[in-house]
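Chain letters run A, B, ... following the sequence lines, proteins first, then strands; residues in each count from 1.
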2 protein chains.
Amino acid sequence: MPSLYATLADTLRAEIVAGALPPGTQLPSEHELVQRHGVSRNTVRKALGQLVHDGLVISRQGSGYFVREHQPVIWHASRPERNVQTSVLPADAWSHCVREQGRTPEEKIRIVVGVPNARIAAALQLKPGEEVVGRLRERYVDGVLSTLADSYYPESLVRDSPIMLPYDVQPGVYAILASRGAGFTRNRDEIITRMPNREEANRLKLGPGTPIAEHLRVSFTPSNRPVRLLLSILPGDKVTIAYESFAT
Amino acid sequence: MPSLYATLADTLRAEIVAGALPPGTQLPSEHELVQRHGVSRNTVRKALGQLVHDGLVISRQGSGYFVREHQPVIWHASRPERNVQTSVLPADAWSHCVREQGRTPEEKIRIVVGVPNARIAAALQLKPGEEVVGRLRERYVDGVLSTLADSYYPESLVRDSPIMLPYDVQPGVYAILASRGAGFTRNRDEIITRMPNREEANRLKLGPGTPIAEHLRVSFTPSNRPVRLLLSILPGDKVTIAYESFAT
DNA sequence: AAGTGGTCTAGACCACCTT
DNA sequence: AGGTGGTCTAGACCACTTA
């Protein structure tokens with residue numbers, strides 16, 4: 001026998017997926033649901049909590065519950081990362097990709113230098129105490145923070161290069177590394193699906209019920225030396241990941 | 001000012017991530033937390049609910065709350081899918097990959113034939129009313145249902161082939177399609193991160209706080225004809241997705 | 001049988017948004 | 001000011017697990 005709150009949640013869920021309550025619509029208030037279904041307010045709140053938790057609904061204190069609107073952007077993870085020939089800046093592949101979808105990209109970059117945590121050190125196969133240059137990048141779509149994309153390079157490899165400046169890199173990260181004999185030719189990608197931790201949820205203003213994909217890309221030279229780590233946090237409600245690959 | 005339940009949740013969370021409460025440990029009971037922190041049971045339950053929701057903790061009715069244990073398997077999505085030369089069955093790439101990680105794979109396959117839903121029809125560019133053969137596959141790791149991997153083929157393409165039998169396909173899906181002039185050479189992959197719907201959560205026995213990756217792969221012939229759709233549901237707590245790619 | 005979590009109620013006060 | 005959601009309490013009864 002299903003519980004009262006589960007039954008109520010299912011009723012509302014059905015109305016949403018059927019389209020009777022289209023995205024953006026306000027749901028009946030807690031008070032109204034209490035009266036209409038003859039249950040206590042706590043029970044109504046538990047049902048609504050489920051929907052919020054499932055990412056179907058958001059709540060705004062003082063105004064009400066609303067059916068959530070989704071407009072994810074597609075991120076083509078396997079496309080070449082080299083900068084694009086264009087007069088519009090930034091010229092990196094991600095920005096170009098967002099513009100292709102009729103939306104407006106923007107980036108904020110902060111540079112940090114220092115000894116990284118164990119995870120980053122392991123991925124880049126660093127010696128103990130070896131430093132990295134981190135480019136902590138926030139990517140915005142139509143003005144809202146959409147993903148975090150932090151990249152890390154061994155410090156010795158990028159010292160005094162444009163990679164250490166907090167702007168879109170010209171003529172591109174690949175070209176600079178290649179000119180220093182460390183052009184990468186192979187990526188290893190890993191994607192983990194999980195709930196955000198508190199800090200990520202705050203920074204990305206994620207409502208409850210929004211999972212993230214953690215994308216980790218290590219780029220290698222032909223001699224299998226890791227020269228770059230790219231660590232991205234992609235909120236499930238804002239980004240879809242796409243790959244093109246050859247079937248073999 | 002943080003709420004009581006948020007404060008309590010943070011306290012417990014900190015103990016978990018710091019390792020004071022290692023995976024598998026039982027948390028204090030609700031009753032004990034009520035007394036220890038001098039708050040009501042509902043408040044304790046709301047705090048614990050947060051942790052469950054974030055995937056850090058699971059609850060077992062009648063026994064208690066426990067710190068969750070993660071043992072995800074790595075799925076190499078870009079590896080060739082062709083069957084592996086081995087005496088152990090099943091011989092498909094996924095099973096081989098799981099065995100490499102020292103674990104035991106198992107598959108259950110159910111065949112369905114009929115007119116598919118709009119999403120599948122669109123991906124395979126079918127004519128209205130055209131039928132597909134669906135192979136609905138459940139993949140188990142060490143005996144527990146770990147992912148759903150359903151594949152769909154235009155019916156006209158696989159009629160009377162071993163693809164219509166509910167077993168591991170010999171000598172392999174690729175070989176059969178190739179022998180019919182429909183060997184695929186290119187994949188388009190799409191990965192969506194979201195919370196499971198009710199049916200998925202039930203089938204995969206997902207606790208609250210477990211997001212999923214929905215992986216959609218369409219395989220094309222050299223003349224860009226889509227011949228197969230692979231639709232997988234990968235629970236975040238059980239699977240990590242990996243890709244190898246060439247940087248260009 | 002005792003202890004655990006799961007559901008549900010009734011009522012209080014607070015914080016926020018709209019008018 | 002009035003309506004909305006957010007937090008919190010106290011207490012009840014049920015369902016499940018363990019011993």
Can a side-chain donor-acceptor contact be found between [Y] and [X] if the only test is distance below 3.5 angstrom?
| X | Y | value |
| --- | --- | --- |
| B/Arg45 | B/Ser59 | no |
| B/Asn187 | A/Tyr243 | no |
| A/Asp92 | A/Ser95 | yes |

Pair A/Trp75 and A/His215, ring centroids less than 6.0 Å apart: yes
Separation between OG of B/Ser232 and CG of B/Leu148, rounded to the nearest 0.5 Å: 8.5 Å
Start and end of chain A contact along DNA chain C [non-hydrogen atoms, under 4.0 Å]: C/dT7 to C/dC17
Residues in contact with DNA chain C, drawn from residues 32-42 of chain A - heavy-atom cutoff 4.0 Å: A/Val39, A/Ser40, A/Arg41, A/Asn42
Contact residues, residues 55-66 of chain A to DNA chain C [heavy atom, < 4.0 Å]: A/Gln61, A/Gly62
List the atom pairs, with distances to 0.1 Å, where a side-chain N or O of residues 60-67 of chain B and a protein N or O form a donor-acceptor pair under 3.5 Å, not counting sequence neighbours.
from	atom 1	to	atom 2	distance (Å)
B/Ser63	OG	B/Arg60	O	3.4
B/Tyr65	OH	B/Glu30	OE2	2.9

Whether over 12 other heavy atoms sit under 6.0 Å from B/Arg103 CZ: yes
Neighbour count above 12 (heavy atom, 6.0 Å) for B/Glu100 CD: yes
Salt bridge (charged side-chain N to carboxylate O under 4.0 Å, His left out) partners for B/Glu32, two or more places apart: B/Arg36
Show me the side-chain donor-acceptor pairs of residues 115-124 of chain B shorter than 3.5 Å, one per line, residues at least two apart or across chains.
from	atom 1	to	atom 2	distance (Å)
B/Asn117	OD1	B/Arg119	N	3.1
B/Asn117	OD1	B/Ile120	N	2.9
B/Arg119	NH1	B/Glu214	OE2	2.7
B/Arg119	NH2	B/Glu214	OE2	2.4

